[in-house]
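One structure is given below, encoded as structure tokens.
Indexing begins at 1, ligand by ligand and atom by atom, following the structure's order. Nothing fancy with the numbering, it's 1 onward along the sequence. Heavy-atom basis, side chains included; hydrogens, waters and symmetry copies ignored.
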Amino acid sequence: VRRHATYLLQRAIYAGLVGLTLGILAGTGEGLHLVLTSHGLDRRPVLVVYSLLVDGVAGLLLGALAGLIWHGVVWVRERLGPPPPSRALQPARRNASPPSPAVQVTLIWRSLDPVPAHQPAISRRAALRLGFAVASAGALGLGTLALSSRSQRPTTGANTAYAFAQASGDPATSASASAASAPASASPAATAAPTAAAAPKPNVLLVTLDTLRADQLGSYGHPYMKTPALDALASQGARFDLHLIQEPQTNPSHASMFTGMYPASNHVRVHMVDKLPGDLETLATLFSRAGYATAALYSWMSFDPQYCGFDRGFHIYQNVSGQTAGVLDAPGLKQVAALYRIAEQYLALPKAISDRAGVQENLQWSAKGHADMTTDSAITQLQMLAGQPFFLWLHYFDPHYPYVPPAPYDTQYDPNYSGKLTFGMDTITAIEQGSIKPGPDDTKRLMSLYQGAITFMDGQLGRLFSALDSLGLTNTTIVAVTGDHGEAFGEHSHLVEGPDFFHPHDLYNTEQRVPLLLRYPGQIKPGIAVKAPTQAIDIFPTLLQLAGLPVPSQSQASSLLPLLSGEDSGAARVAYSAMQDYVFTSVSVPGWKLVRNNVDGSSELYDLDGDPGETRDASAAHPNLARQLEAKAQSWMKAVGIG
Ligand SMILES: [Zn+2]
């Protein structure tokens, strides 16, 4: 039995090594192909290493498995079948005619294991093979190390606040006033804001509501949706009616708000893969350097630092979903998962495995945060932050699929659905993949769950704003509430990538238009509504200016304050968006929007006032305007490096 076990192990190791070599060869091919064919992708050198590692490991595992199965078959044949394979080979060797291919393979296979059963020592040939494998693995490891240290250099030590946040240990327990003010006194940049020292600093609360379409709020004209908390906020401050995001995807959209830069410029374009470059300022680094306590509470794992690098500048940076599966919560495993995510994005083999297994998908969606928990954490955080100037970013995830509002919100908007769909992740995936085409009733039910999640979240936001009141923070806190992108429910059939459900599939306003509500009592007049197009990136200079801080030169945005004071009529405002893969680009001006198909160079023009659903191409009726916007789109793409 021991001899068989050793034999089995040897076979598995040899086969694994053959698999590893094949995997490395495949990975090299795939990596080189990526580097040679991809344009505008970051992390190119790293990708080659990923492909080597991922394909190599996959080859190793598959090879070992093949070896085990092979030996199992041989063993069973030896036991059961006369003649056993060893005897069966003898006549083949003596025959003048060449052996059959199967026998040849068996011969080669057997020749790989020249160790006689009585000799336990490893043979010279096996030692050579092992040495080769170890040397390859070593070279691979060294290469990875060299590349990763090079790509991380700008991140570490680029910012004193980051160094502090790293040194302060568990971010959840470091929320003290002294801790928060430490980096400000240590940094010379704190004195660079002349107005900040003179007047007391206002607090800044930025709330991002994932996947929230503007047209779903009562204050944005929805006929029956119940969103009293957000509607009250709108009446207490400014409402931006045509606020457009830069890319309909969570991480890129947030990165654009945090940096005031388009995704093509700040290099956070691929969700959960691209990390924020270490040399860019963010709202967090700037507020932290100006002496603010900075905190982030988010409700989904895509903001874990391994997937985005957004933690820089935040003293407290916490995932408050409370449901992240243990396997996704260990820091080491998170790093592995983040690497896997990159491999899955770019490499064929991991993508194929992931599409079939869907394991990561299910784990991810089980880790979804809910507004009641997010608000509980937020209120506790506010109590800890009160008494010092703070910048708090809160992220709510409820309207993102799978839509799982608690009762009674799950049946609030469509109590009588009698169809068969369950609307869990299986339904979502099937719709995404096109294997289910929801009928009108299904779509209505799907949307009603989305709407229920919004109303549930709105109630929790009401609780948050009340807490702000009872802590006496309302008048000293700038509140900005916005969405990171919208959600499609089958409204469009062309200029769409895949079925027009969920996101990110198109640049119609279903996915591109989100609410933006801005409240700062005494500074922003209540009840203002801005009609001009504004952009997600504009939040960056606006919050800095409202807090009396200078706007760094990296900003590609326009402050919203001149629109509020009436200095800027908004007539010249323009908003640009692009898909992650740059297949579509859109340009919006007051009343009009042009969506360009960059693959075939065609475009469509929409009259946003006369046709808010963007259903009719108006370019034939307005050729001059279409030409102007086409030129605008092209010069913007050139400026940010698209195309
Ligand atoms: Zn999102």
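Annotation: side chain of I431 is not in contact with side chain of F423 (no heavy-atom distance under 4.5 Å). Looking at L421 and R445, their side chains never come closer than 4.5 Å, going by heavy atoms from C-beta outward. For the pair W393/F314, a side-chain contact is recorded, criterion being any heavy-atom separation below 4.5 Å from C-beta on.
The side-chain tip of R269 points at the ring of Y582 from less than 6.0 angstrom away and within 45° of straight on. In this structure, R596 is not positioned above the aromatic face of F584 in the sense of NZ or CZ being under 6.0 Å from the six-membered ring centre and within 45° of the axis.
Excluding waters, the set of protein N/O/S atoms under 2.8 Å from the Zn ion (ligand 1) reads D210 OD1, T250 OG1, D484 OD2, H485 NE2.
The line from CZ of F258 to CG of N266 is 11.5 Å long, rounded to the nearest 0.5 Å.
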